[in-house]
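One structure is given below, encoded as structure tokens.
Note: hydrogens, waters and symmetry copies are ignored here, and every other heavy atom, side chains too, is used. Here the structure is a predicted model, which is why all the values come from computation and not from measurement. Convention: sequence-line order gives letters A, B, ...; per-chain numbering from 1.
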There are 2 protein chains.
Amino acid sequence: MANLETYRADARNVPAPSNKVPIPTLERLTTYLRYLIDLGASGVETISSAEIERQTGINAAQFRKDLSHFGEFGKPGVGYNVTELEGRIARILQIHKVQPIILVGAGNLGSALMGYPGLKEHKFHIVTAFDSDPNKIGKHLWNIDVQDLRRLGDLNQVLGARIAILAVPANAAQSVTEKLIEAGIRAILNFAPILLRVPPHVVVRNVSFLQELAVLSYQLTEGERKTEK
Amino acid sequence: MANLETYRADARNVPAPSNKVPIPTLERLTTYLRYLIDLGASGVETISSAEIERQTGINAAQFRKDLSHFGEFGKPGVGYNVTELEGRIARILQIHKVQPIILVGAGNLGSALMGYPGLKEHKFHIVTAFDSDPNKIGKHLWNIDVQDLRRLGDLNQVLGARIAILAVPANAAQSVTEKLIEAGIRAILNFAPILLRVPPHVVVRNVSFLQELAVLSYQLTEGERKTEK
DNA sequence: TAGATTGTTAATCGATTAACAATC
DNA sequence: TAGATTGTTAATCGATTAACAATC
């Protein structure tokens with residue numbers, strides 16, 4: 001019975017409704033995009049998957065497989081049109097149009113992020129920063145006002161940001177996260193070295209350079225351990 | 001015959017010479033460590049893999065498998081001694097002793113990193129910062145001198161750092177990387193949104209919050225795409 | 001048409017998870 | 001001893017890569 005149901009779904013050729021795109025694919029998409037932008041700027045019109053492999057180190061079949069999640073992009077025997085592919089990847093990632101972003105935490109890291117030009121280049125606009133420190137509230141850094149964290153819900157009703165960058169100390173991260181979600185945020189880029197608990201409709205990505213450094217630290221001695229034997 | 005060889009090796013208890021540890025395992029190790037430190041601080045003495053799963057979301061079998069790459073750590077029927085495990089993981093990652101680190105790029109991001117307290121807490125000490133901008137050279141930020149990039153090789157002969165943080169603009173990243181390697185650096189934490197070409201004995205990890213934001217941006221609309229169907 | 005390169009299927013590889021004998 | 005939990009083997013799952021028919 002359950003088997004029959006399964007079979008029917010197959011027969012109808014339903015393309016697996018929740019055709020989940022693997023995260024590694026999404027990550028590579030940004031690599032392709034970066035490379036395509038450079039390529040377009042230098043006037044190249046067409047590119048093959050083999051050339052992508054040469055330049056990015058990502059396997060040509062991998063590249064084609066990655067794209068196949070989103071449709072057809074190339075011409076057999078010819079390759080891919082650089083500017084078209086560039087545009088389509090940007091659209092897939094939804095970074096073709098300006099995205100309002102909220103920053104919480106106007107400390108060292110937060111201020112550095114406000115001044116990071118790459119954000120605007122990729123259409124991510126930090127519209128407001130929030131902090132709970134009275135010494136920071138009211139400041140105007142990099143053309144961005146620092147607002148009282150208590151005004152978060154209030155202000156985001158107007159701003160309508162759905163992505164937030166969280167650059168607060170670890171001990172404040174979870175409680176701020178809850179405020180963010182209440183204020184309508186659905187995606188959080190978390191710089192605090194802590195696991196955030198969020199409901200299933202909210203997505204989180206963590207940036208942890210301490211973790212990255214620890215991995216490097218291990219790898220550094222890995223080679224030596226081998227020769228020590 | 002080959003089988004016998006294998007058996008012999010097993011009998012000698014050699015733990016598989018080039019037993020490459022998966023990167024995901026190394027990444028999780030830092031998560032465990034963080035959690036264990038908190039746990040130790042709050043006086044807990046013993047922990048089971050089931051409890052680790054409850055707290056970190058990482059599967060209990062995963063945890064045990066991860067540790068198994070490095071030996072035996074727990075007592076069946078009892079669990080793991082928190083402080084002992086903490087110490088051993090720190091030692092595996094080589095973050096039990098101070099590691100000298102070089103920072104290149106004393107811009108916004110670089111300065112923010114110099115002031116990041118987490119680094120010292122995890123025994124990563126930025127010993128010197130380098131920049132090529134005359135306006136930055138000679139500055140003293142967060143107790144760290146900013147030196148002329150041209151003195152990199154020279155100074156690192158004394159400093160002996162093998163890990164570097166690269167926080168320079170994308171267009172300078174590759175050439176600085178080559179100077180770093182020449183100066184004896186073997187591990188690079190790269191903040192520039194570019195693929196660094198390095199020889200096989202050098203390891204690189206990339207931190208790319210633009211990529212992370214792009215993934216979030218995709219995931220944000222993923223849910224909606226489903227309901228649109 | 002012949003050569004090149006795509007999109008996709010099948011094979012491989014590696015990582016995650018379940019299951020369980022060993023053991024505290 | 002009985003109950004709990006480990007370390008490890010086997011099963012599952014998913015991602016990467018190779019191979020190739022389709023097609024420009």
Side-chain angles (χ1 to χ4, degrees), chain A residues 6 10 13 15-16 18-32 36 39 44-82 84-85 88-89 92 215 218, chain B residues 3 6-7 9-11 13-16 18-29 31-32 36 39 44-82 84-85 88-89 92 215 218:
Chain A
T6 312
D10 276 353
N13 232 344
S18 178
N19 213 357
K20 264 280 185 181
V21 178
I23 300 277
T25 292
L26 296 174
E27 292 176 350
R28 284 188 296 265
L29 242 35
T30 68
T31 304
Y32 305 146
L36 289 166
L39 222 54
V44 179
E45 283 179 12
T46 308
I47 188 83
S48 71
S49 60
E51 188 58 23
I52 296 262
E53 172 163 355
R54 238 164 280 139
Q55 296 294 327
T56 65
I58 297 167
N59 179 285
Q62 180 80 269
F63 171 76
R64 299 199 300 275
K65 187 78 192 269
D66 283 342
L67 292 184
S68 76
H69 288 102
F70 307 101
E72 304 197 348
F73 294 78
K75 271 214 228 329
V78 180
Y80 303 82
N81 179 289
V82 171
E84 191 214 324
L85 186 55
R88 286 183 67 186
I89 293 181
I92 289 166
V215 173
Y218 175 86
Chain B
N3 247 324
T6 311
Y7 184 76
D10 276 353
N13 234 341
V14 177
S18 179
N19 212 356
K20 261 284 183 182
V21 179
I23 298 278
T25 292
L26 296 175
E27 292 176 349
R28 284 188 297 265
L29 241 36
T31 303
Y32 304 145
L36 289 166
L39 222 52
V44 179
E45 284 179 12
T46 307
I47 187 84
S48 70
S49 59
E51 188 57 25
I52 295 263
E53 171 162 357
R54 238 164 279 138
Q55 295 295 326
T56 66
I58 298 167
N59 180 286
Q62 180 80 268
F63 170 75
R64 299 198 302 272
K65 187 75 189 268
D66 283 343
L67 292 185
S68 75
H69 288 102
F70 308 101
E72 304 198 347
F73 294 78
K75 271 216 227 330
V78 180
Y80 303 82
N81 179 289
V82 171
E84 192 214 322
L85 186 55
R88 287 184 67 185
I89 293 181
I92 288 166
V215 172
Y218 174 87

Response to the item:
Pairs under 3.5 Å (Watson-Crick or G-U), crossing ones as [ ], inter-strand ones as |: DNA chain D comes out as ..||||||||||||||||||||||

Discussion item. I'd like to check the side chain to side chain donor-acceptor pair (under 3.5 Å) partners of A:Glu53; sequence neighbours left out, ordered by chain and number.
Written reply: none

Worksheet item: Phosphate oxygens OP1/OP2 of D:dA4: is one of them under 4.0 Å from a side-chain N or O of B:Tyr80?
Response: no

Worksheet entry | Base-contact (B) and sugar-phosphate-only (S) positions in nucleotides 18-24 of chain C, heavy-atom cut-off under 4.0 Å, - elsewhere | BB---BB

Worksheet entry | Length of the line joining B:Lys20:NZ and C:dG14:P, which is rounded to integer Å | 12 Å

Worksheet item: Between B:Phe63 and A:Pro24, which is nearer to the 5' end of DNA chain D once each is assigned its nearest nucleotide?
Response: B:Phe63

Worksheet item: Does the side chain of A:Tyr32 come within less than 4.5 Å of A:Ile58's, by heavy atoms?
Response: yes

Response to the item:
Residues passing the side chain to side chain donor-acceptor pair (under 3.5 Å) test with B:Thr31, sequence neighbours excluded, are none

Worksheet item: With B:Glu51, which residues qualify under side chain to side chain donor-acceptor pair (under 3.5 Å), at least two apart?
Response: B:Arg54, B:Gln55

Worksheet entry | Given D:dT8, D:dT17, C:dT16, the nucleotide with the shortest approach to the side chain of A:Gln62 | D:dT17

Discussion item. For A:Tyr80 and A:Phe63, I'd like to know if the aromatic rings sit close, meaning centre-to-centre distance below 6.0 Å.
Written reply: yes

Worksheet entry | All side chain to side chain donor-acceptor pair (under 3.5 Å) counterparts of A:Ser48, not counting sequence neighbours | none

Discussion item. Can you see if the side chain of B:Ser49 gets near the phosphate of D:dT6 - specifically, an N or O under 4.0 Å from OP1 or OP2?
Written reply: yes

